Amino acid sequence: MVENFDEWFHDILEQADITDSRYPIKGMAVWRPYGFQIRKHSMNIIKNLLDKDHDEVLFPMLVPETELAKEGIHVKGFEDEVYWVTKGGQRELNEQLALRPTSETAIYPMYSLWIRTHIDLPIKMYQIVNTFRYETKHTRPLIRVREITTFKEAHTAHATKEESDEQVQDFIAMYKEFFDDLGLAYLISKRPEWDKFPGADYTMAFDVIMPNGKTLQIGTIHNLGQTFAKTFDITFEDKDGEHKLVYQTCAGVSDRVIASVIGMHGDDKGLRLPPKVSPNQVTIIPILFKKGKEEVLAKCAEIKEQLEAKGLRVNLDDRDIRPGKKFNDWELKGTPIKLELGPRDLENNITIAMRRDEEEKIELALDDDLADNVIKLLNKSSENLSNQSWTFQDEHVKFTDNIDEIAQLVEAGNVVSFRWCGDEAIGKEIEEKTGYDILGIQEEISEGKCIASDNDAQYMALIAKTY
Ligand code: PR8
């Protein structure tokens with residue numbers, strides 16, 4: 001799987017009924033029922049986190065060209081990626097309309113109307129929408145799509161720069177919680193100047209390391225400073241009656257999060273889904289013989305009810321096919337726990353539990369504690385997936401002081417950390433020489449020399465092969 005991860009990833013999406021890429025537009029796939037459930041559960045997690053502190057809104061999908069074009073740096077960053085609506089029926093539109101690639105230019109003109117005085121601040125809103133980007137790099141389902149179907153974008157405005165910096169930290173904490181729930185290990189870095197969001201003062205990014213060693217950016221938080229406030233005239237009257245520009249931030253995560261869940265946890269047999277997002281947390285597989293069939297099925301239905309009463313998502317696979325096929329299907333689809341029940345188990349009043357993340361088979365008594373015991377196993381499974389991800393990451397970040405060693409380490413499937421002076425020209429030189437991307441800086445340091453110059457090092461930085 002590690003050797004041909006891209007192929008594995010492509011195949012598993014089809015085999016496990018996640019998405020179907022045969023839709024006749026490049027970069028746009030169909031969510032199939034099983035994938036849609038994973039999408040729904042993961043969306044609910046982030047939605048609940050956002051709901052604590054943000055108001056949900058919904059803006060139109062079309063943005064007038066005049067608004068999109070207002071913020072020069074921003075539009076430059078997106079101009080090659082915008083889809084345009086130019087006609088209404090047979091008529092050319094007076095003004096062409098952009099399909100939002102992201103919604104700054106849709107939202108901020110309205111913020112300018114809504115924000116009047118300091119009591120309107122902070123404003124914290126989010127929406128979960130589809131956005132469109134005419135990506136020119138190789139498209140891949142979930143990873144680089146032209147229609148992002150679950151773009152969770154949050155937009156905030158504040159009275160002071162300090163508050164906006166705090167907001168960035170709050171988003172980081174929120175995304176950590178989200179990714180922790182999915183058992184994903186992540187690297188956090190401050191993107192280099194040349195790779196920040198168009199129009200941002202600075203960008204903080206979360207990256208995961210996929211099994212083939214390539215990194216995937218799965219979430220970004222941008223401090224927008226006052227750039228958009230100036231462009232869209234977003235001002236407020238402060239306590240002293242003075243008119244001031246707001247400070248803004250925005251943050252976003254996409255379908256890529258699901259790609260990471262699939263990629264980071266999967267194995268040769270298929271998906272290994274974290275219980276929090278798995279469509280079925282438990283799949284019950286009856287082992288049926290002619291004799292005692294009714295009793296076994298009745299008991300399975302009873303177990304299903306017992307577990308559902310504790311809030312679990314349970315599937316009873318009573319399809320008329322061989323149990324072996326059912327086991328394979330659910331291995332492939334990654335149900336965290338399978339419960340097997342045959343006539344002999346029924347006689348012994350037990351069921352055999354199998355965790356997808358481990359080989360071990362566990363006997364559970366069919367008593368009142370069954371649901372609690374299953375929940376314990378689910379928790380262990382979550383924890384194990386998370387530990388495995390973090391261990392993988394720890395083993396795949398390697399430090400070097402020698403620029404000539406970077407290629408060898410990256411080609412062996414690692415992300416490389418190195419000391420850097422922070423100079424942009426030197427940074428670009430490092431990228432050019434190695435052919436990889438600097439993800440960003442992890443922390444400030446005060447020891448050692450830059451890997452590529454005589455300058456003192458300022459930062460510990462990361463470089464990788466990226467998606
Ligand atoms: C913003 N504005 O837009 P960002 N396919 C899948 N996922 C993608 C793609 C793609 N083609 N492009 C980006 N992403 C800001 C923040 C509102 C919200 C994912 O930021 O352009 C990446 O994981 O950095 C990225 O981190 C996230 O969307 C946000 O996009």
Side-chain angles (χ1 to χ4, degrees), residues 9 19 21 25-29 31 39 42-43 46 50 54 57 59 63 68 71 73-78 80-83 98-108 111 124-157 167-168 171-172 174-175 178-179 182 184 186-191 195-208 210 214-224 227-228 248-263 439-440 466-467:
F9 183 75
T19 54
S21 296
I25 299 182
K26 188 171 142 66
M28 299 189 186
W31 281 100
R39 175 183 182 273
S42 73
M43 209 154 79
I46 186 71
L50 282 160
H54 296 251
V57 290
F59 277 72
V63 185
L68 190 80
E71 189 5 74
I73 310 171
H74 184 69
V75 76
K76 192 129 193 45
F78 280 103
D80 291 334
E81 292 184 12
V82 177
Y83 281 94
L99 285 181
R100 60 182 163 215
T102 167
S103 307
E104 284 72 12
T105 57
I107 295 176
Y108 300 163
Y111 272 11
K124 300 185 188 187
M125 294 185 172
Y126 81 94
Q127 61 177 2
I128 302 181
V129 293
N130 50 354
T131 56
F132 298 83
R133 295 184 181 184
Y134 183 72
E135 293 280 358
T136 45
K137 269 175 101 176
H138 184 60
T139 59
R140 290 172 201 276
L142 304 184
I143 290 180
R144 178 165 287 102
V145 290
R146 288 184 170 171
E147 180 185 11
I148 306 177
T149 69
T150 58
F151 197 63
K152 299 88 164 175
E153 52 175 328
H155 296 266
T156 71
Q167 182 61 48
V168 167
F171 277 132
I172 292 177
M174 181 194 296
Y175 283 173
F178 180 35
F179 300 140
L182 305 176
L184 300 175
Y186 41 77
L187 297 161
I188 302 174
S189 65
K190 185 175 181 184
R191 286 278 183 263
D195 195 25
K196 62 187 192 183
F197 184 68
D201 277 6
Y202 64 91
T203 288
M204 300 298 300
F206 283 76
D207 295 283
V208 298
M210 287 298 215
K214 275 189 172 180
T215 60
L216 181 64
Q217 171 184 300
I218 56 163
T220 29
I221 298 142
H222 314 290
N223 190 312
L224 303 174
T227 304
F228 288 88
Q248 291 179 274
T249 82
C250 66
V253 280
S254 79
D255 312 25
R256 275 188 193 174
V257 175
I258 295 171
S260 321
V261 167
I262 292 170
L439 294 182
T466 59
Y467 268 104

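Counting starts at 1 for both ligands and their atoms, following the listed order. Computed from a predicted structure; not experimentally measured.
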Notebook entry, point to check: Among Pro101, Pro198, Gly252, which one has a heavy atom closest to atom 27 (C) of ligand 1?
Noted result: Gly252
Notebook entry, point to check: Starting from atom 5 (N) of ligand 1, which protein heavy atom do you reach first, and at what distance in Å?
Noted result: Val145 N, 3.1 Å
Next item on the list: Report the part of Arg256 in contact with ligand 1, treating N, CA, C, O as backbone and CB onward as side chain, heavy atoms under 4.0 Å; options are side chain, backbone, both, neither.
Entry: side chain
Notebook entry, point to check: If you measure from atom 11 (N) of ligand 1 to every heavy atom of Glu135, Arg133, Arg144, which option wins on shortest distance?
Noted result: Glu135
Next item on the list: Look only at the side chain of Arg146 and the backbone of Glu135, and say whether a donor-acceptor pair between them is shorter than 3.5 Å.
Entry: yes
Notebook entry, point to check: Looking only at heavy atoms, is any part of Ile218 under 4.0 Å from ligand 1, and if so is it the side chain, the backbone, or both, or is it neither?
Noted result: backbone
Checklist line | Sub-3.5 Å N/O-N/O distance, Leu142 and ligand 1 | finding: no
Item checked: atom 9 (C) of ligand 1 [closest protein heavy-atom partner, distance rounded to 0.1 Å] -> Ile148 CD1, 3.4 Å
Notebook entry, point to check: Where the side chain of Gln127 meets the backbone of Phe59, is there a donor-acceptor pair that is under 3.5 Å apart?
Noted result: yes
Next item on the list: Mind listing the closest non-hydrogen atom pair of Ser254 and Lys152 along with its distance?
Entry: O-NZ, 3.8 Å
Next item on the list: Name the option, out of Phe197, Tyr126, Phe206, Phe151, that contains the heavy atom nearest to atom 30 (O) of ligand 1.
Entry: Phe151
Next item on the list: Would you check if there is a donor-acceptor pair between the side chains of Gln167 and Thr156 at a distance under 3.5 Å?
Entry: no
Next item on the list: Would you kindly say whether Asn130 and Thr149 are connected by a side-chain donor-acceptor distance under 3.5 Å?
Entry: no
Next item on the list: From atom 14 (N) of ligand 1, work out which of Ser260, Ser254, Ala200, Ala251 has a heavy atom at the shortest distance.
Entry: Ser254
Next item on the list: Determine yes or no for a side-chain-to-main-chain donor-acceptor pair under 3.5 angstrom, with Thr249 supplying the side chain and Val168 the backbone.
Entry: no
Next item on the list: Provide, to 0.1 Å, the distance between atom 29 (C) of ligand 1 and the closest protein heavy atom, together with that atom's residue and name.
Entry: Thr220 OG1, 3.3 Å
Margin query: Need the ligand 1 atom indices (1-based, order shown) with element for anything under 4.0 Å from a heavy-atom of Glu153.
Written below: 17 (C), 18 (C)
Checklist line | Distance filter under 4.0 Å to Gly219 heavy atoms, resulting ligand 1 atoms | finding: 23 (O), 26 (O)
Notebook entry, point to check: In the protein, what heavy atom is nearest to atom 20 (O) of ligand 1, and what distance, to one decimal place, separates them?
Noted result: His222 NE2, 3.0 Å
Next item on the list: Decide, yes or no, whether a salt bridge links Asp207 with Arg256 under the criterion of side-chain N to carboxylate O below 4.0 Å.
Entry: no
Next item on the list: Could you tell me which atoms of ligand 1, counted from 1 in the order shown, lie closer than 4.0 angstrom to a heavy atom of His155?
Entry: 17 (C)
Notebook entry, point to check: Do side-chain atoms of Arg133 reach the backbone of Val82 as a donor and acceptor pair under 3.5 angstrom?
Noted result: no
Notebook entry, point to check: With respect to His155, which candidate in Tyr126, Tyr111, Tyr108 satisfies the ring-ring contact (aromatic ring centres under 6.0 Å, His included) definition?
Noted result: Tyr108
Next item on the list: Please work out whether the ring planes of Phe78 and Phe197 are parallel, tilted or perpendicular, with thresholds of 30° and 60°.
Entry: perpendicular
Notebook entry, point to check: What's the shortest distance from atom 6 (C) of ligand 1 to any protein heavy atom, and which residue and atom give it?
Noted result: Ile143 O, 3.4 Å
Checklist line | Contact atoms of ligand 1, heavy-atom distance to Gln217 under 4.0 Å | finding: 22 (C), 23 (O), 24 (O), 25 (C), 26 (O)
Notebook entry, point to check: How does Arg146 reach ligand 1, if at all, at less than 4.0 Å between non-hydrogen atoms: by side chain, backbone, both, or neither?
Noted result: neither
Check: Counting each atom of ligand 1 from 1 as listed, which ones have a heavy atom of Glu104 under 4.0 Å away?
Finding: 2 (N), 15 (C), 17 (C)
Note to self: Please check: side-chain N/O of Arg140 versus main-chain N/O of Tyr467, any donor-acceptor pairing under 3.5 Å?
What the structure shows: no
Next item on the list: Find the distance between CZ (Phe206) and CG (Leu439) and round it off to the nearest 0.5 Å.
Entry: 13.5 Å
Checklist line | Distance filter under 4.0 Å to Cys250 heavy atoms, resulting ligand 1 atoms | finding: 2 (N), 15 (C), 16 (C)
